[in-house]
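Proteins come first, then strands; the chains are lettered A, B, ... in the order of their sequence lines, and each starts at number 1.
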Amino acid sequence: MQRIDFFNAVYDVVRCIPIGKVTTYGAIAKALGAAGSARMVGYAMNAAHTVIPRVPAHRVVNRKGLLTGRHHFKTPDTMQKLLEAEGHIITNHQIYHFENVFWNPYTEL
DNA sequence: ACTTTGACTATAA
DNA sequence: GTTATAGCCAAAG
């Protein structure tokens with residue numbers, strides 16, 4: 001029986017991120033009602049690639065818009081490439097106009 | 001049940 | 001840029 005695990009909840013929110021938007025670990029955690037558990041979001045993403053369907057983890061960045069999770073992809077360039085493919089602009093490992101493309105699951109969802 | 005870990009966040013040096 | 005410290009909290013060992 002599938003009960004909503006913390007991880008599953010994270011995946012669900014991440015999969016709801018619109019294309020062209022990004023969000024932060026802390027925002028997801030807060031949307032789950034577990035504000036302060038931003039680390040858990042990242043921890044969940046660590047296993048995200050083992051979950052179906054594919055979780056767009058590249059749309060999840062830290063609160064500064066930095067691609068801190070890029071090292072966990074197949075190659076460190078994968079995350080940036082995926083983001084660029086969705087219309088984002090990455091400069092110095094940071095999303096250009098991050099606040100402008102930030103998607104708040106707590107407000108939008 | 002206890003300890004370690006970690007894709008966070010904040011501040012400091 | 002790095003490293004340290006501290007707070008934070010759930011999963012994994």
Side-chain angles (χ1 to χ4, degrees):
Chain A
M1 178 50 195
Q2 44 174 232
R3 65 175 65 83
I4 49 172
D5 289 334
F6 192 93
F7 280 29
N8 193 4
V10 173
Y11 304 147
D12 191 36
V13 173
V14 173
R15 283 192 287 251
C16 289
I17 300 174
I19 297 177
K21 297 282 186 173
V22 294
T23 192
T24 68
Y25 301 98
I28 294 173
K30 184 175 182 181
L32 297 179
S37 299
R39 310 185 75 155
M40 301 300 85
V41 178
Y43 198 82
M45 306 289 17
N46 188 9
H49 77 101
T50 67
V51 173
I52 49 86
R54 182 171 63 86
V55 178
H58 57 276
R59 297 189 191 140
V60 184
V61 295
N62 77 343
R63 109 193 230 336
K64 294 187 180 72
L66 290 171
L67 283 58
T68 54
R70 74 198 133 116
H71 287 291
H72 289 258
F73 284 83
K74 215 170 69 174
T75 66
D77 296 338
T78 303
M79 190 175 191
Q80 178 173 339
K81 187 168 184 172
L82 287 170
L83 286 170
E84 289 177 342
E86 295 185 357
H88 297 291
I89 302 173
I90 312 302
T91 60
N92 195 15
H93 296 160
Q94 184 170 2
I95 296 178
Y96 182 69
H97 288 175
F98 165 65
E99 298 182 24
N100 196 35
V101 297
F102 172 66
W103 181 77
N104 188 341
Y106 190 76
T107 302
E108 303 294 333
L109 193 59

Measure all distances between protein nitrogen or oxygen atoms and nitrogen or oxygen atoms of nucleotides 10-13 of chain C, and list the pairs falling under 3.5 Å.
{"unit_1": "C:dA12", "atom_1": "O4'", "unit_2": "A:Y43", "atom_2": "OH", "d": "3.4"}

Rounded interatomic separation in angstrom, taking [atom1] from [X] and [atom2] from [N]:
X	N	atom1	atom2	value
A:M45	C:dC9	CE	P	21 Å
A:H58	B:dA7	NE2	P	19 Å
A:Y25	B:dA7	OH	C1'	4 Å
A:L83	B:dA7	CG	P	18 Å
A:I28	B:dT9	CD1	C1'	15 Å

* Asked: For A:F6, does the CZ atom have more than 12 heavy-atom neighbours from other residues, nucleotides or ligands under 6.0 Å away?
  -> yes
* To do: Under 4.0 Å between any heavy atoms, over every strand shown, what does A:A44 touch: base, sugar-phosphate, or nothing? Just pick one.
  =>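 Nothing, no nucleic acid heavy atom in range.
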* For A:N46, report the nucleic acid contact type (base, sugar-phosphate, nothing); a contact means any heavy atom under 4.0 Å. => base
Hydrophobic clustering (ILVMFWY, side-chain heavy atoms < 4.5 Å, transitive) - are [Y] and [X] grouped together?
X	Y	result
A:Y43	A:V51	yes
A:V22	A:V14	no
A:V55	A:I17	yes

* Carboxylate-amine/guanidinium proximity below 4.0 Å for A:K21 and A:E108 ->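 A:E108 and A:K21: not salt-bridged.
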* Roughly how far, to the nearest 0.5 Å, is OG1 of A:T24 from NZ of A:K30? ->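 Rounded to the nearest 0.5 Å, the NZ-OG1 separation comes out at 10.5 Å.
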* Got a second to check how far A:C16's SG is from A:W103's CH2, nearest 0.5 Å? ->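 The distance works out to 5.5 Å.
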* **Mutual orientation of the aromatic rings belonging to A:Y11 and A:F7 [parallel < 30°, tilted 30-60°, perpendicular > 60°]** => perpendicular
* Using a 4.0 Å cut-off on protein heavy atoms (strictly under), produce a 5'-to-3' string for nucleotides 1-6 of chain C with B for base contact, S for backbone-only sugar-phosphate contact, and - for none. => ------
